[in-house]
Amino acid sequence: MRALAAVAAATATTALAAPYPARFRLRLVTPRASLGHCRASSSARSPRRACYATTMGDETSTSVATQTQEPAAVGAGSVKQQLSKLVTASLRTTVPEVEVEPMVEVCTAKFGDYQCNNAMGLWSRIKGSGTSFKNPNAIGQAIAKNLPPSDIIESTSVAGPGFVNIVLSNSWVAKRIQDMLVNGIKTWAPILPVKRAVLDFSSPNIAKEMHVGHLRSTIIGDTLARMFEFSNVEVLRRNHVGDWGTQFGMLIQYLFEKFPNWEEIGSQAIGDLQTFYKASKHRFDGDPEFKDRAQQAVVRLQGGEERYRAAWNKICEISRNEFDLVYKRLNVKLEEKGESFYNPYIPQVLEELDNKGLIKESEGAKVIFIEGHQIPLIVVKRDGGFNYASTDLAALWYRLNVEKAEWIIYVTDVGQQQHFDMFFSAARMAGWLPDPKEKKFPKTNHVGFGLVLGSDGKRFRTRSTEVVRLIELLDEAKSQSKSELLQRLTENGKIVDWTEEELEKTSEAVGYGAVKYADLKNNRLTNYTFSFEQMLSDKGNTAVYLQYAHARICSIIRKSNKDVEELKMSGAISLDHPDERVLGLYLIRFAEVSLAPFTESFLRHLFHEA
């Protein structure tokens, strides 16, 4: 999740930047002056790993390997992608009879900036086959020799059993940074092998308020969507809300009986959704006759009776308005396509699966038996009703065949992992998805996450054991942020310089940003303890610290009295000092950090693979 947090910080509306010591500053050299600033410093620092003889790099996607145009353009993909193109060309010349993907990794030792690690693997495949190569080192030497001429590479050397160390050209690094400064950070966007993706996240239930349990799905899903969008992928942000099912019969019948004139008084009849839901549920559980009437209400709703549809629409409308208050605070955009949207597609989808021989009868229900699972996937209940599996199958069919999505990602808690295992397997059995070993698209992934805990180590709840309402949690983060801000401004005598609007906007940016970042910086799969004190601290790995660092950088720019836009066009990046080169290398690896969550090796850690 560190890569998620890093890229979210870099692509968020408010830029977040980690400060560097004074010696780590790029110089924009001009005839008049030099300025210690580069806007690319707001990009996240890429994780660096030592370069050992046993290190094997991440696999590069085949779409990258097939691109072989030379010379490489300054902004064409990440540095790793561009080097992989060169290595691919070399491998085709060195071992034309072997099909192999380039293995290029960041190298942090003194030998080079990047390293190609293909030689040992190739040696194990070709030794004893009459090859002219005597050992892995000889293969490495040939790979280095056969690299096409390029302005990217300054020099190469071969170490040990064929590790090809690559030193980047200072002038190319400087040119790449200059290009970003002039043309924008989008020039460093990763190149992904898909054009359209569906992100299924947040997904609260209609008639229930969003609570802290929806926090992680909403934040992680939005962050992944931003990363895809930054990478020039069309993202269909889907809010698969629970807006269909037996609970609506209960709610509608209670509304009719409690407020016969509900159409006249409108939303006031329902009032607080949480209270309304609890009252109807209490009546449903304790009154058998009401329960029967509620079940009949479901039938009438699903039959399309106008009065019942109108009540259903009103309940959904009130819920959406409540959800939107949360999404506005988090700056999250979603398009709702709930269970009711996919309901009409279920019969034809199940008919297709039945025609393929996948659906079987079992104890009165219709199921799909999945290899490796002791229980079947139920697609039609004993009473003939549909369920989550039937709705999810219909939604997947729609996303593949109508929306033409190439990558579909579901962001839910880890407790639903088995459901997605079985659901994805059923889709593969139907021929909708390829075998994941083939590394082909379309593909699906389940992104699971752990729980949000309170200070007692249990699920985060109020003192009355109620689940914490998400909107109240966010407002509390803003409130505490504003209190701290007011105290500091009062103490330093600057409160008179701030308007109420500025206080509000700053408190929101700090408070909501702190909640987002605190979630993203933690390991996605493990539980984490929610603490306002920790997340609103201006020390350590927090959003507040990053925002403070960004504010300091902006202050440096203002005090320099330099026109940054003019310097971009008239200046030139210089990497003469070793420390400047170190910073330059960090900056140009931004695209690799952005790309990391989408690479096959990273997916094994980030996603639960389909």
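Note that this is a predicted model, so its numbers are computed, not measured.
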Give me the ring orientation class for Y342 and H240: parallel if the planes are under 30° apart, tilted from 30 to 60°, perpendicular past 60°.
->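 Ring orientation, 0 to 90° scale: parallel.
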Measure up the F590 and W188 rings against each other and bin them: parallel (under 30°), tilted (30 to 60°), perpendicular (over 60°).
->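 Taking W188 first and then F590, their aromatic rings sit tilted (interplane angle of 30° to 60°).
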Distance-only side-chain donor-acceptor flag, [X] / [Y], under 3.5 Å:
{"X": "Y254", "Y": "R283", "value": "no"}
{"X": "N445", "Y": "W407", "value": "yes"}
{"X": "D392", "Y": "H419", "value": "yes"}
{"X": "H214", "Y": "S202", "value": "no"}
{"X": "W312", "Y": "E317", "value": "no"}
{"X": "K195", "Y": "N232", "value": "no"}
{"X": "N387", "Y": "S390", "value": "yes"}
{"X": "Y517", "Y": "N541", "value": "yes"}

For F290, does its backbone N or O pair with a side-chain atom of Q253 as donor and acceptor, under 3.5 Å?
->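 Absent.
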Hey, is the main chain of Q81 close enough, under 3.5 Å, to the side chain of S78 for a donor-acceptor pair?
->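 Yes, the answer is positive, given that a donor and an acceptor are paired below the 3.5 Å cut-off.
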Could K337 and F341 be counted as a cation-pi pair, given that NZ or CZ must be under 6.0 Å from the ring centre and within 45° of the axis?
->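 Relative to the ring axis of F341, which defines the angle, K337 lies inside both limits.
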Geometric cation-pi criterion, R307 with F256: 6.0 Å, 45° =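 Judged by the rule (NZ or CZ under 6.0 Å from the ring centre, within 45° of its axis), R307 counts as positioned above F256.
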